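FYI, side chains are in, hydrogens and waters are out, and symmetry mates aren't considered; it's all heavy atoms of this structure. Values in this document were obtained by computation on a predicted structure and should not be read as measured data.
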Amino acid sequence: MNYKVFFPVLVSGFLFSFCSDGAKEEQVMSVGEKELNTVRVDDKHSYANIDEVYTKHLDLNIEVNFDTRTISGVATHLIENKQGTDTMVLDAKNLVIDKVTVGEQEQPTFFRLGTMDSLLGQPLYVALSGETIVHIHYSTTENTQAVDWLSPNLTAGKKYPFLYTQGQAILTRTWIPIQDTPANRITYSARVKVPSELMAVMSATNPQEKTKDGIYHFRMDQSIPSYLIALAVGDLRFKALDERSGVYAEPSVIDAAVYEFADMPEMINTAEDLYGKYKWERYDVIVLPPAFPFGGMENPRLTFATPTILAGDRSLVSLIAHELAHSWSGNLVTNATWEDFWLNEGFTVYFESRIMEAVAGREIAEMLTLIEYQELMHEVEDIGDGKHPEDTHLKLTLSGRDPDEGMTTIAYNKGALFLMTLEDKVGREKFDRFIRDYFASHAFETLTTEEFLVYLEKNLLEPESISFNTDEWIYGPGIPDNCRKITSDRFEKVDSIAALFIGGKPAEQLGVNRKSWVTQEWMNFIRKLPDSTETDRMKELDQVFGFKNWGNSEIMSEWYIKSIRTGYRDVRPEMEAFLVQVGRRKFLEPIYEALTEKEDDKEWAKQVYKKARGNYHSITAGTIDRILFGSK
């Protein structure tokens with residue numbers, strides 16, 4: 001601790017004094033002559049003192065103002081003060097706190113925002129004297145990172161604006177003052193006022209038609225961590241797929257989305273057959289504008305999805321299987337801290353693979369896994385050569401770092417391979433029973449890696465007398481030697497055709513056309529091309545197959561990366577349009593990284609980024625800033 005600054009304040013006969021040590025503050029409370037020291041919660045990314053007092057239910061009464069680009073109103077916390085502490089600590093970042101009141105009669109109470117940390121924001125201290133209700137009157141600011149305000153020119157219909165929030169990992173605190181740690185699960189309700197021509201939806205019960213007055217009411221009766229509270233506002237329509245699932249999208253997109261997601265009800269049934277009843281009542285998907293930084297976000301009841309999965313042939317719906325799987329792994333059973341992120345994503349990728357195997361067949365599931373394995377091995381090498389080689393461990397060490405840095409393919413794909421390898425060791429039937437019981441016994445709970453390992457040992461390895469190198473997988477670097485071997489007969493056939501082209505055979509004589517292969521086969525074909533491929537041969541492929549404007553974002557992004565590395569610049573107009581329109585970080589990060597490998601490409605990338613940056617969510621913009629300028 002470097003320094004302490006005390007702020008004594010007399011409130012209702014009690015003397016409160018706070019101390020700060022910069023980014024992670026410890027508070028010292030004086031009540032008369034008695035001093036109470038707060039015990040820090042073991043979450044390196046939250047100030048919240050949930051070990052003493054925590055929110056049980058959150059009620060929001062807010063208004064969305066597109067003219068000022070602000071969300072303002074009241075966040076009311078129903079709290080449990082299990083230690084009888086006289087201070088509640090919440091997380092806030094780039095918020096204006098107008099006042100804080102307590103109790104049903106809203107009596108004013110003392111509050112203070114602590115020292116600002118560029119990553120974590122500020123602790124919000126609220127004085128208590130036995131109350132169980134805390135009302136925080138607040139508004140967002142232009143620096144609120146979770147909220148993306150899109151002008152009409154960035155939406156599908158080009159007529160109305162759009163808003164969406166993205167809270168994972170620690171951005172919910174930038175639009176709601178809250179105890180922003182996954183260790184605390186809460187229920188919530190909301191009253192949201194928006195312009196009357198728009199519809200509001202949340203990760204909660206949702207309307208299926210617009211209201212006349214622009215006022216919407218929401219409830220989420222199942223407890224969730226704060227990062228899953230989500231809001232979207234736009235010119236939305238709803239179409240049902242069956243009695244418990246449907247799609248929200250802007251009018252010009254809704255029909256394409258309904259077609260693309262036609263298999264969603266079957267996916268839900270398949271997931272239930274595998275690992276137990278769906279606990280969230282409805283499963284709907286909203287297709288957001290292209291600026292959305294992720295493929296999907298598993299907000300309960302309402303997955304937020306990128307339009308880049310609307311390929312027109314249902315070839316990219318494994319993303320929906322992934323977000324649906326989160327309804328069990330991540331939403332139902334949640335990582336307790338962001339250092340345990342693999343518990344969310346490793347289980348989800350494994351579950352996704354099982355859904356896709358049941359719905360689309362084992363061949364498709366194998367190809368999806370092999371594509372992910374290729375990406376994993378590339379990232380293992382990159383991370384191993386980087387500043388934090390320990391990031392190839394499943395259990396992360398993220399003290400002083402943005403948890404976003406831990407959201408790599410390690411958590412996703414190494415985590416899934418760990419589970420696949422365990423399945424091979426014990427057999428699928430026993431492993432399915434173990435996972436089903438795991439979800440059931442930890443439903444609506446948070447878990448650390450260490451707690452999971454105790455459960456694994458007690459409920460699977462020990463009863464089955466299984467010896468397994470668990471510590472090597474969890475706490476060791478890279479990929480252990482006993483990893484499941486990933487193969488695909490269809491990929492081997494693709495490899496042989498790629499070899500023919502590399503050996504000099506003309507593209508038009510390869511015996512394939514655009515409909516010959518699924519997306520993953522085309523991705524594998526492009527990846528097999530050497531970076532030394534001559535530009536006239538790249539042009540030949542483009543003329544035959546039309547990679548640069550295919551319409552499938554997965555294929556186009558692979559082609560742009562390969563084009564950059566081979567020096568094939570004919571793709572630049574199409575690549576620029578892609579970089580300006582699409583905000584999905586999965587595609588943009590490797591494209592911009594490839595563009596930094598040569599100085600003239602990097603200068604071109606910076607010029608394109610000037611046009612594109614305003615279209616990106618803060619999560620994506622922050623990543624590209626680091627790639628192009630080395631800034632945080």
Cut-off 3.5 Å, side chains only: do H137 and E106 have a donor facing an acceptor?
yes
Is it true that the side chains of T85 and T87 contain a donor and an acceptor less than 3.5 Å apart?
no
Consider only side-chain N and O atoms of T623 and R585, and report whether a donor and an acceptor are under 3.5 Å apart.
yes
Donor on one side chain, acceptor on other, H57 and S189, under 3.5 Å:
yes
Report yes or no: do Q145 and Q166 form a side-chain donor-acceptor pair below 3.5 Å?
no
Just by distance, no angles: are the side chains of D43 and T181 close enough, under 3.5 Å, to form a donor-acceptor pair?
yes
Determine, for E272 against R244, whether the closest basic-nitrogen to carboxylate-oxygen distance falls under 4.0 angstrom.
yes
Does either side chain, that of T70 or that of S72, offer a donor lying less than 3.5 Å from an acceptor on the other one?
no
Less than 4.0 angstrom from a charged side-chain N to a carboxylate O is my criterion; do K44 and E339 meet it?
yes
Would you please name every residue forming a ring pair (Phe, Tyr, Trp, His ring centres under 6.0 Å) with H442, sequence neighbours left out?
Y438, Y455
How far apart are the C-alpha atoms of R301 and D221, what are their side-chain angles, what is the distance that settles it, and do they pass the salt bridge (charged side-chain N to carboxylate O under 4.0 Å, His left out) test?
CA-CA 11 Å; R301 287 177 167 266; D221 293 327; over 6 Å; no
Should K239 and D255 count as an ion pair when the cut-off is N to O under 4.0 Å?
yes
So, W342 versus F452, ring centres under 6.0 angstrom or not?
yes
Is the distance between the ring centroids of F444 and W328 less than 6.0 Å?
no
Would you check if the distance from the ring center of F351 to the ring center of Y275 is below 6.0 Å?
yes
Does the ring centre of W149 sit less than 6.0 Å away from the ring centre of Y164?
no
Distance-only donor-acceptor check, side chains T205 and R219, under 3.5 Å
no
Out of the candidates N184, T55, D180, D91, only one should pair with S226 under the side chain to side chain donor-acceptor pair (under 3.5 Å) rule; please name it.
D180
Flag for T76-H135: side-chain donor and acceptor within less than 3.5 Å
yes
Polar side chain donor-acceptor pair, N269 to E266, under 3.5 angstrom
no
Any chance the side chains of E345 and H322 put a donor and an acceptor closer than 3.5 Å?
yes
Residues R69 and E142 bridged, charged N to O under 4.0 Å
no
Look at atom NZ of K99 and say whether more than 12 heavy atoms of other residues, nucleotides or ligands are closer to it than 6.0 Å.
no
Could you go through S129 and E131, starting from their C-alpha distance and side-chain angles, then the distance that decides it, and tell me whether this counts as side chain to side chain donor-acceptor pair (under 3.5 Å)?
CA-CA 6 Å; S129 55; E131 300 87 0; 2.8 Å; yes
How far apart are the closest heavy atoms of E451 and T446, and which atoms are they?
OE1-O, 4.1 Å
Can N94 and T144 be counted as having a side-chain donor-acceptor contact under 3.5 angstrom?
no
So, K395 and E450, do they make that salt bridge, N to O below 4.0 Å?
yes
Between T303 and L324, is there a side-chain heavy-atom distance shorter than 4.5 Å?
no
Report yes or no: do D242 and S245 form a side-chain donor-acceptor pair below 3.5 Å?
yes
With the threshold set at 4.0 Å, does a side-chain nitrogen-carboxylate oxygen contact exist between K82 and D51?
no
